Amino acid sequence: MTDSHRSIDEVRRAKADAWRAAGHLAFGNDPGELHPIATVSAAHKDHDVATLDRDHAGAEYRVAGRIIAMRDTGKLVFAKLRDGGGEIQLFLSAKELGATFALLKELDMGDIVMAVGRPMRTRAGELSIMVRSLRPLSKSYRPIPSEWYGLGEVETRYRQRYADMIANHPDVGDVFRARAIIVRALRAWFDERDFIEVETPTLQTMRGGANAKPFNTHHNALDMDLYLRVAPELYLKRLIVGGMDRVYEIGRVWRNEGISTRHNPEFTILEFYQAYATYEVLMGETEELVTDADAKLLARYPKYADGRSYSLARPWKRVRMLDAITDALERRAPALAAQWAKGEGLRAWEATREVFMAAEGLQKDHREYLRKCSAPGELVYALYELFAEHHLVEDYRTADGSQSVPVFVTDYPFDVSPLARKKDADKQAAQYGEGFPVTFTDRFELFVEGRELANAFSELNDPDDQAERFRAQLVNREKGDDEAMDFDADYIRALSYGMPPTAGFGLGVDRLVMLLTGQKSIRDVVLFPLLRPET
RNA sequence: GGGUCGUUAGCUCAGUGGUAGAGCUGCGGACUUUUAAUCCGUAGGCCGUGGGUUCGACCCCCACACGACCCA
């Protein structure tokens, strides 16, 4: 069989044998102390040919990395070498390398090699290393995807992230370096303010902390069914009871739900709890936290500011849910706005619901959603979701209208906020009038560019109130709501010791990274997103 | 869950109801300043899987698998 009939794998394994025949290992190690390519490039970036020959003729560098390009012009070969932080051209001449030059024909793109030589500049002006000695380190049996065309097949990109990172260098790597910068900035923000970072259980015996379907698992030795956590919330608040007035956790949670461009079954959440603060304090802190992370990101990667359709300029918009509904209806459904009457329509909420259910163009499942509302507070949330939420990006914009602005939607109804503190009676009366048919909570969600980024509230710390809401969750479960929480008696016990007034906050870290780096899919900010098995 | 689109050489993609195509990669050769090097030669395919229609299917039909996008 001739060479041309052999597979790439066979050819490359034969070349590995040639390395061995020349006295090398196909997978050698210990190349000695290396110079990072970036430092070599930085040291000589301003030096011209004359300067290099005159002042740096004695300099010698030892570099190692992957060969990502090779151009063979006969007795002279150009190769591009990439390590974790940079790329540099190797100038490989027959005269300089002597007998080693023959080894070049046993090299392939993708191989890992070490080279020793002095800095020089080619006729075209490119800083290169005039290689004096070359040592192969690791053989690559499989061709790297074309550098020029990249690796376009998204499935392959997610399944073989390693190939994606090689082929789509540096863009893919930059997103994950950006992610690290963002997470580090979040940590720094809390650390600088004396928050304690903690790790709470991810294996939990009860469903709680968020309304979501959990993953089930089992502990064999204890013969005990467990859930992977959907939120760390209830444990973090136990720590507040214990006296950690400021705690935060950045960790993985799992929700057994659909997969989309915004949802991966496992994702990273940031939660923090601050005793003696309120949800209003947290809005200001949220602005600081996010803009601080953004500033640190842009200091390293200014490119991520390009083409943003949103502005993070402070202060951010704050709007009560009731008013968000009013704004949205007045803009695009005046007839309904009249019926809504800035929320006054809730005083006869079932009649108002009938009007909305009859609204023109309402989808059948939306109508069904409204029909299922069994309290005016549920109706408020339903109307917000159906008529206001997906218009936030249009309704709240910079003065010149060119960019959307972040929006804190505040005052969620009690009925849809099982862990949030009920608005104090005097404040509720002052803001909504005496006897308003819906009770609101001290809660906000943050939306940027129309996407939900964070959820926060003044925490419910009355154990009797909390117990009542857990019971309401059980009723929901009876009615078939498989996202409802369990009755967590230990949590009630913790609250019974007395929890200081506290505000708590949760943020989707993956979504924050998506937002700040302009990625459209969560899979572009999760290194190894969940996919069906390969067939 | 619903809809639309996609799956062809290692990679990126064309393609027509009648023997399967290009560029890059690979392999052989030339070349001591290349930058997607260039030039000459050459190899490489169960056209996602399974059924069906047809004299004949990569192409038309059905189902399935996997993926992308949109909607819920």
Side-chain angles (χ1 to χ4, degrees), chain A residues 1-15 18 49 52-53 67-82 87-98 101-102 104-111 117 119-131 139-160 162-164 166-169 213 256-264 361-370 372 382 385-386 389-390 450 519-524 529-535:
Chain A
M1 197 185 271
T2 66
D3 274 0
S4 64
H5 282 87
R6 295 186 302 172
S7 70
I8 287 174
D9 183 78
E10 288 169 324
V11 168
R12 290 191 169 202
R13 283 173 190 274
K15 288 180 179 177
V49 176
L52 286 171
D53 288 349
I67 297 173
I68 54 160
M70 250 202 304
R71 289 178 286 277
D72 180 354
T73 71
K75 301 256 179 349
L76 182 60
V77 175
F78 298 90
K80 180 144 291 182
L81 198 68
R82 174 194 294 165
E87 296 176 0
I88 198 163
Q89 180 166 269
L90 302 181
F91 187 98
L92 302 146
S93 86
K95 188 178 164 197
E96 187 83 9
L97 277 170
F101 191 77
L104 294 182
K105 72 178 199 308
E106 311 300 342
L107 288 184
D108 289 297
M109 280 202 272
D111 289 350
M120 52 95 61
R121 232 170 243 291
T122 63
R123 200 171 286 172
E126 179 163 351
L127 181 67
S128 308
I129 290 178
M130 168 74 83
V131 178
K139 188 63 196 164
S140 166
Y141 289 155
R142 190 181 280 266
I144 60 174
S146 155
E147 187 191 16
W148 180 250
Y149 290 103
L151 180 61
E153 184 74 27
V154 287
E155 182 183 350
T156 310
R157 290 191 45 220
Y158 299 142
R159 285 197 195 284
Q160 302 183 36
Y162 37 88
D164 182 31
I166 296 168
N168 294 316
H169 179 88
K213 287 180 212 168
N256 205 341
E257 293 161 2
I259 293 176
S260 78
T261 50
R262 289 176 301 282
H263 300 85
N264 194 56
L362 194 67
Q363 289 178 32
K364 194 178 165 189
D365 49 344
H366 291 168
R367 192 165 291 133
E368 194 53 34
Y369 180 24
L370 292 176
K372 280 185 182 160
E385 279 200 307
L386 296 184
E389 189 177 281
H390 49 280
Q519 302 302 307
K520 288 188 170 59
S521 170
I522 194 169
R523 288 172 173 174
D524 292 323
L530 183 68
L531 300 171
R532 283 190 170 82
E534 268 180 279
T535 49

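All values below were derived from every heavy atom in this structure, side-chain atoms included, with hydrogens, water molecules and symmetry-related copies excluded. Every value quoted in this text rests on a predicted model; they were computed, and no experiment measured them. Below, read A as the first sequence line, B as the second, and so on, with proteins coming before strands; counting in each chain starts at 1.
Mapped onto RNA chain B by nearest heavy atom, K95(A) and M70(A) fall at different nucleotides, with K95(A) at the one closer to the 5' end.
The two residues L104(A) and L92(A) come nearest to each other via the heavy atoms CD1-CB, 3.9 Å. Taking each heavy atom of L127(A) and I88(A) in turn, the nearest pair found is O-CG1, 3.8 Å. Nearest heavy-atom pair across E257(A) and K213(A) is OE2-N, 3.4 Å. Taking every heavy atom of both residues into account, Y158(A) and S521(A) meet most closely at OH-OG, 4.3 Å.
When the C1' atom is compared between U54(B) and G17(B), the two are found 9 Å apart, to the nearest whole Å. G26(B) sits 15 Å from G10(B) when the P atoms are compared, rounded to a whole Å. Look at the C1' atom in both G56(B) and G18(B): the space between them is 7 Å, to the nearest Å. For U38(B) and C24(B), the C1' atoms lie 15 Å apart once the distance is rounded to whole Å. C60(B) sits 24 Å from G2(B) when the P atoms are compared, rounded to a whole Å. Rounded to a whole angstrom, the distance from the C1' atom of G29(B) to that of A43(B) is 15 Å. Taking the C1' atom of each, C5(B) and A9(B) are spaced 24 Å apart, rounded to whole Å. Nucleotides C64(B) and G21(B) have their C1' atoms positioned 29 Å apart, rounded to a whole Å.
Judged by atom type and distance alone, R71(A) reaches the base of U34(B) through a side-chain donor-acceptor pair under 3.5 Å. Taking 3.5 Å as the limit, the base of U34(B) and the side chain of T122(A) contain a donor-acceptor pair of atoms between them. Taking only distance into account, the side chain of E126(A) never meets the base of U33(B) through a donor-acceptor pair shorter than 3.5 Å.
The side chain to side chain contact (heavy atoms under 4.5 Å, CB included) test applied to A18(A) returns E106(A), not counting sequence neighbours. Under the rule for a side chain to side chain contact (heavy atoms under 4.5 Å, CB included), the partners of H263(A) that lie at least two apart in sequence or sit in another chain are S260(A), R511(A). Taking E385(A) as the reference, nothing meets the salt bridge (Lys or Arg N to Asp or Glu O under 4.0 Å) condition, with sequence neighbours excluded. With sequence neighbours left out, the side chain to side chain contact (heavy atoms under 4.5 Å, CB included) criterion links R12(A) to I8(A), D108(A), K139(A), S140(A), Y141(A), P143(A). Qualifying side chain to side chain donor-acceptor pair (under 3.5 Å) partners for E126(A), counting only residues two or more places apart in sequence or in other chains: K80(A). For the side chain to side chain donor-acceptor pair (under 3.5 Å) test, residues two or more places apart in sequence or in another chain that qualify with R13(A) are D9(A).
In this structure, the CD1 atom of I8(A) is 12 Å from the P atom of G45(B), given to the nearest Å. Atom CZ of F91(A) is separated from atom P of U35(B) by 14 Å (rounded to the nearest Å). Straight-line distance from the CZ atom of F78(A) to the P atom of A36(B): 13 Å, rounded to whole Å. Residue I68(A) contributes atom CD1, which lies 16 Å from atom P of U35(B) at whole-angstrom precision. Rounded to whole angstrom, the span from the CG atom of D111(A) across to the C1' atom of G26(B) amounts to 14 Å. Distance CE (M120(A)) to P (U32(B)): 16 Å, rounded to an integer number of Å. Atom-to-atom, NZ of K105(A) to P of C27(B) comes out at 12 Å; the value is rounded to the nearest Å. Rounded to whole angstrom, the span from the CG atom of L104(A) across to the C1' atom of C31(B) amounts to 15 Å.
When the nucleotides U32(B), C27(B), U34(B) are ranked by their closest atom to the side chain of L76(A), U32(B) comes out on top. When distances are taken from the side chain of V11(A) to each of G26(B), U33(B), U35(B), the shortest belongs to G26(B). Listed nucleotides: C31(B), U32(B), U34(B). Nearest to the side chain of D72(A): C31(B). Ranking U34(B), C27(B), U32(B) by closeness to the A94(A) side chain, first place goes to U32(B).
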What are the atom names and distances for every N/O pair under 3.5 Å that joins the protein to nucleotides 69-72 of chain B?
from, atom 1, to, atom 2, distance (Å)
A72(B), O3', D365(A), OD2, 3.0
A72(B), O2', D365(A), OD2, 3.0

Represent RNA chain B in dot-bracket notation, 5' to 3'. Only Watson-Crick or G-U wobble pairs with both distances under 3.5 Å count; pseudoknot-style crossings use [ ] and interstrand partners use |.
(((((((..((((....[..)))).(((((.......))))).....(((((..]....)))))))))))).
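Within the 4.0 Å cut-off from OP1 or OP2 of C27(B), at least one side-chain nitrogen or oxygen of K15(A) is found.
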With a cut-off of 3.5 Å and sequence neighbours excluded, list every side-chain donor-acceptor pair involving residues 71-78 of chain A.
from, atom 1, to, atom 2, distance (Å)
R71(A), NH2, Q89(A), OE1, 3.4
D72(A), OD1, G74(A), N, 2.8
T73(A), OG1, L76(A), O, 2.8

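Residue D108(A) is classed as a sugar-phosphate contact, given heavy-atom separations below 4.0 Å to backbone atoms only.
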